[in-house]
Amino acid sequence: MIGGFSGAPDGAVCSRAACTATATWRIDWRNPKIHTGDRGKTWLACDEHVGYLRDFLEARAFPVSVAAFDGDANDADAAAGGRA
């Protein structure tokens with residue numbers, strides 16, 4: 001089962017809306033207007049959408065860093081937030 005009321009999708013999937021591809025990239029970002037320096041968000045991305053998601057955030061002047069995603073469950077839990 002994907003999603004549902006009880007939790008995140010099985011496995012680490014891309015954060016792009018409607019994408020179900022396996023994530024291979026981790027995008028860490030924050031909105032300086034609402035996030036303090038020690039708080040941020042993480043999205044996961046597949047190879048096809050990493051550029052789109054990075055550009056989406058950079059266009060808003062958000063601090064962004066992109067790194068390879070190693071599939072660590074703790075990283076996936078951190079990225080269980082929204083989908084763009």
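Quantities reported herein were computed from a predicted structural model and do not represent experimental measurements.
Nearest heavy atom pair, residue V13 against residue L44, reads O-CB, 3.7 Å. Between F62 and R30, the shortest heavy-atom contact is CB-O, 3.3 Å. Taking all atoms of both residues into account, the shortest heavy-atom contact from A12 to F69 is CB-CE2, 3.4 Å. Listed here is the closest heavy atom pair of C19 and C46: SG-SG, 3.9 Å. The heavy-atom pair separating R54 from I27 by the smallest distance is N-CD1, 4.2 Å. For the residue pair V50 and A45, the shortest heavy atom distance occurs at CA-CB, 3.7 Å.
Listed for the T42 side chain is no donor-acceptor partner under 3.5 Å among the backbone atoms of D28.
Note that CZ of R26 and OG1 of T24 are 13.5 Å apart. Values are rounded to the nearest 0.5 Å.
Residues L53 and W25 form no side-chain contact, since every pair of their non-hydrogen atoms from C-beta on lies 4.5 Å or further apart.
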Could you walk me through whether F56 and W43 satisfy the side chain to side chain contact (heavy atoms under 4.5 Å, CB included) test, starting with their C-alpha distance in whole Å, then the side-chain angles of each, then the deciding distance to 0.1 Å, before giving a yes or no?
CA-CA 12 Å; F56 176 88; W43 286 347; 3.9 Å; yes
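Residue E58 qualifies as enclosed at atom CD: its count of foreign heavy atoms under 6.0 Å is above 12.
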